[in-house]
Amino acid sequence: MGLEALAMDQKGYRRGSFQSSTSDEDMLEIAGASLDFSMADDDPPLDREVGGFSSYNGGGMNGTSTMMDFLEEPLPGVGTYEDFNTIDWVREKSRDRDRHREITSRSKESTWALIHSVSDAFSGWLLMLLIGLLAGSLAGLIDISAHWMTDLKEGVCLAGFWFNHEHCCWKSNTTFTDRDKCPEWKSWSQLILGHGEGAFAYILNYFMYVMWALLFSLLAVLLVKGFAPYACGSGIPEIKTILSGFIIRGYLGKWTLVIKTITLVLAVSSGLSLGKEGPLVHVACCCGNILCHLFTKYRKNEAKRREVLSAAAAAGVSVAFGAPIGGVLFSLEEVSYYFPLKTLWRSFFAALVAAFTLRSINPFGNSRLVLFYVEFHMPWHLLELVPFILLGIFGGLWGAFFIRSNIAWCRRRKTTKLGKYPVLEVFVVTAITAVLAFPNEYTRMSTSELISELFNDCGILDSSKLCEYVNDFNSTKGDDLPDRAAGPGVYTAMWQLALALIMKVFITIFTFGMKVPSGLFIPSMAVGAIAGRLLGVAVEQLAFYHHDWAIFSGWCSPGADCITPGLYAMVGAAACLGGVTRMTVSLVVIMFELTGGLEYIVPLMAAAMTSKWVADAIGREGIYDAHIRLNGYPFLEAKEEFSHKTLAMDVMRPRRNDPPLTVITQDSMTVEDVETIINETTYSGYPVVVSRESQRLVGFVLRRDLIISIENARKKQDGIVSTSIIYFTDHSPPLPPSSPSMLKLRSILDLSPFTVTDQTPMEIVVDIFRKLGLRQCLVTHNGKLLGIITKKDVLKHIAQLANQDPDSILFN
């Protein structure tokens, strides 16, 4: 059969398609995690329960039958999905409407039914509350642990080894300038040698730093490889795919949650160029999926569960950045496929609860939710939009360069032997990162601290090298320090930052996509913040030495504070993050929530928009979409236009020279005939027609439902044998008295499958698939069944038109 269209049931898929595939193991890569199909399910999977009500058919329109119908009672497993299949959104929503109708009609009958109706309506909000509490608590735990383990690489606190450097020195009596040199905190050389000065002490500290980094990263990769292969990467490409209706069992399971939480702390602490923000979205979605099992409404309906996961993604960003509104917008703009208004409110509530929980844990010890709080005193000037737009162009160019290089490297990892040695790869990358990072104080500190320092506006008490200006205290007015000449410390810092920039740009390409949890937000922001700070200091010095130039004379008089380098760092960070992810609205909101810099929305918007335009001009895809395509997930991008003039008949199967479409007749096939069709084909469903001659369409039946129903009937219904007739009509066909019992399967038949005519333009078909989330669509001509189009056929067709390899769409 040429009709791989109605795609692969897991068994057939495992047996046939794998070996015959030319594209080797890469079909089994999920963001780098090799799928092991023999792996025991690590949670009650995303969908194993009975799907709702068997009275459903299409729109739930078939009247209840008074005849003996074998499937009157819902059967376990009917209406559920195989792993690596796409859900049927239309069927799931219809099923939920039926359930809701039934509860509403019963609520008028008794008080108990009314209470049940109220609790059903309230369960969604209760679930959001639980997700927010759990996600906020886990984020606080990850923040505190990562901070402590990052400092452990440099030394230990004698007052209590569980204190990080900052907490250790809180009770100390040291002066403000020596706040990092308190007696309670000992570096490894002070602890082992008794002194911290000299070449040998430096080498020992260097050695301990590299050793700890290697230990943390090796632990992380071994835990991921051994217990939860799905815990690697950022998880956002897979979550986008799952939210579009694909099923990846175990991806949001409890093992994945436990291992991802532990290894995320280890990976961040190892000093690798990665962040914890993307993986926190995955962690929050795991929380959402696991808590769904407490509520029947969400446990038994895949579409409802995806609404919960959209809200969980918002809670994840909310705790990652301390940006609840940004989280909701991120879920809406970047990850969600179906986002009704109700989900918007619930996302808002989940993000609020998660942010509140994190604030009460107070992981940063500053009573603030935000990671990089800034207080800039000076407003920006209109002419500064020119350097801000330059930063936007830099962000766009870097984003496009990063995506191309990272995808090329990840493709190489999949197609060569490199992919077979994940532990060695992590070991080598960590070793190179740690050896290069230690000598430079800006790469030695954690990336979040680096960004915080770069965003900082220099005050009178700042002891950082970035603030070593030549002071002329006669001209200070209150808090604002005037623009001053850069001292030797600033020049040293500029060189170190330039080297840090080069290192971050290249090392991040090889780090993102390894077999450890790795986020991309913080490394991208670091690259932009360094570039922005360098440009900011350059503009500041230019204004100081040339304040008589025409461009500065109007607004930058001598002794005034007119350029804020920290603001340039902030704008650069937004530009680079926008260039990589192609976010716009949510990015700007996250940035001003993250820093508290409300009056700098216009510079942030200008930079984010410029970086998106520049990056889009070079390549249309953001990093997450590029990884979705690399892994071959069946994701129909809603943002792209379909502009080709093809028709449904050009895409449907069977093609001209293919064998005819496999169909089931409504009342003339035996159990044995249907079982033969099931065994000989691997399609996930079959059209039901009146007869082979007429080919008039009756409905559509799913393979999984057929298998379960026939197996069950053989066990439980008397007289069902191989020669029993299966019928899908209301009344049984007339048969001689001696014939065996018949099997009625009308209740598993979808009586309203989606159909289009053979002359329907493909742009309409693609729109139907996107907006309704269909799995398949039948093609008719004058009411007769001609063929079928599946989601996979649509994706292959789009890939062919874009001159890509159509066989890269790997899953059904």
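These values consider heavy atoms only, across backbone and side chains, with no hydrogens, waters or symmetry-generated copies.
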Would you tabulate the side-chain donor-acceptor contacts of residues 321-331 under 3.5 Å, counting partners in other chains and residues two or more places apart, or write 'none'?
| unit_1 | atom_1 | unit_2 | atom_2 | d |
| --- | --- | --- | --- | --- |
| S331 | OG | S310 | O | 2.8 |
| S331 | OG | S336 | OG | 3.1 |

Return a table of donor-acceptor pairs under 3.5 angstrom between the side chains of residues 563-580 and protein atoms on other chains or two or more places apart.
| unit_1 | atom_1 | unit_2 | atom_2 | d |
| --- | --- | --- | --- | --- |
| Y568 | OH | E384 | OE2 | 2.7 |

Indicate every side-chain donor-acceptor pair of residues 429-436 with a distance under 3.5 Å to a residue at least two apart or in another chain.
| unit_1 | atom_1 | unit_2 | atom_2 | d |
| --- | --- | --- | --- | --- |
| T430 | OG1 | S217 | OG | 3.0 |
| T430 | OG1 | V426 | O | 2.6 |
| T433 | OG1 | V429 | O | 2.6 |

Let me have the donor-acceptor pairs involving side chains of residues 517-534, under 3.5 Å, with sequence neighbours excluded, atom names and distances please.
| unit_1 | atom_1 | unit_2 | atom_2 | d |
| --- | --- | --- | --- | --- |
| S524 | OG | L520 | O | 2.6 |
| R533 | NH1 | L454 | O | 2.7 |
| R533 | NH1 | N456 | O | 2.7 |

Side-chain polar contacts of residues 386-405 - donor-acceptor pairs under 3.5 angstrom, sequence neighbours left out - could you list them?
| unit_1 | atom_1 | unit_2 | atom_2 | d |
| --- | --- | --- | --- | --- |
| R404 | NH2 | I618 | O | 3.0 |
| S405 | OG | F401 | O | 2.6 |

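Taking the side chain as every heavy atom from C-beta outward, Y442 and L466 approach each other to under 4.5 Å. By the 4.5 Å heavy-atom criterion applied to side chains, L636 and I798 are counted as neighbours. The shortest side-chain heavy-atom distance between L587 and T581 does not fall under the 4.5 Å cut-off. Residues T447 and K504 are in side-chain contact: their nearest non-hydrogen atoms beyond the backbone lie under 4.5 Å apart. Side-chain contact between M445 and S452 is absent, with no heavy-atom pair separated by less than 4.5 Å. Annotation: side chain of M591 is not in contact with side chain of V588 (no heavy-atom distance under 4.5 Å). With contacts defined as side-chain heavy-atom distances shorter than 4.5 Å, the pair I259/Y230 does not qualify. Considering only heavy atoms from C-beta on, P422 comes within 4.5 Å of K225 through its side chain.
No donor-acceptor pair closer than 3.5 Å links the side chain of N440 to the backbone N or O of L499. Listed for the S318 side chain is no donor-acceptor partner under 3.5 Å among the backbone atoms of A314. Remark: side-chain polar atoms of Y337 are paired, donor with acceptor, to backbone N or O of R770 under 3.5 angstrom. At distances below 3.5 Å, not a single donor-acceptor pair connects side-chain atoms of R411 with backbone N or O atoms of L630.
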Derivation and outcome, salt bridge (charged side-chain N to carboxylate O under 4.0 Å, His left out), residues D625 and K240 | CA-CA 9 Å; D625 296 329; K240 275 186 85 159; 2.9 Å; yes
Working for ring pair (Phe, Tyr, Trp, His ring centres under 6.0 Å), residues H282 and Y251 = CA-CA 9 Å; H282 186 182; Y251 198 82; 4.5 Å; yes
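S446 is linked by a side chain to side chain contact (heavy atoms under 4.5 Å, CB included) to T150, S448, E449, counting only residues two or more places apart in sequence or in another chain. Residues satisfying the side chain to side chain contact (heavy atoms under 4.5 Å, CB included) test with I764, not counting sequence neighbours, are T760, P761, I768. Residues satisfying the ring pair (Phe, Tyr, Trp, His ring centres under 6.0 Å) criterion with F216, sequence neighbours excluded, are W212. Applying the salt bridge (charged side-chain N to carboxylate O under 4.0 Å, His left out) test to D457 and every residue at least two apart in sequence or in another chain returns nothing. Partners of E425 under the salt bridge (charged side-chain N to carboxylate O under 4.0 Å, His left out) rule, at least two apart in sequence or in another chain, are R413. With sequence neighbours left out, the ring pair (Phe, Tyr, Trp, His ring centres under 6.0 Å) criterion links F510 to W409. By the ring pair (Phe, Tyr, Trp, His ring centres under 6.0 Å) test, F769 pairs with no residue at all, sequence neighbours left out.
In this structure, CD on E637 lies 11.5 Å from CZ on R629, to the nearest 0.5 angstrom. Taking CG of L218 as the start and CG of L424 as the end, the distance is 9.5 Å to the nearest 0.5 Å. Note: E334 CD to T584 OG1 = 9.0 Å, rounded to the nearest 0.5 Å. The distance from the OG atom of S269 to the CG atom of L264 is 8.5 Å, given to the nearest 0.5 Å.
When all heavy atoms are compared, the tightest approach of S234 to K260 is O-NZ, 3.7 Å.
Around the CZ atom of F427, the shell of radius 6.0 Å holds no more than 12 heavy atoms that belong to other residues, nucleotides or ligands. The neighbour count for M762 CE, taken as heavy atoms of other residues, nucleotides or ligands under 6.0 Å away, is above 12.
Contact check on D143 versus K276 returns a salt bridge, with a Lys/Arg side-chain nitrogen under 4.0 Å from an Asp/Glu carboxylate oxygen. A salt bridge does not link R582 to E621: none of the charged side-chain nitrogens sits closer than 4.0 Å to a carboxylate oxygen.
A donor and an acceptor atom, one from each side chain of D650 and H797, are nowhere located under 3.5 Å apart.
Below 30°, between 30° and 60°, or above 60°: for F246 and F84 the angle between ring planes is between 30° and 60°, a tilted geometry.
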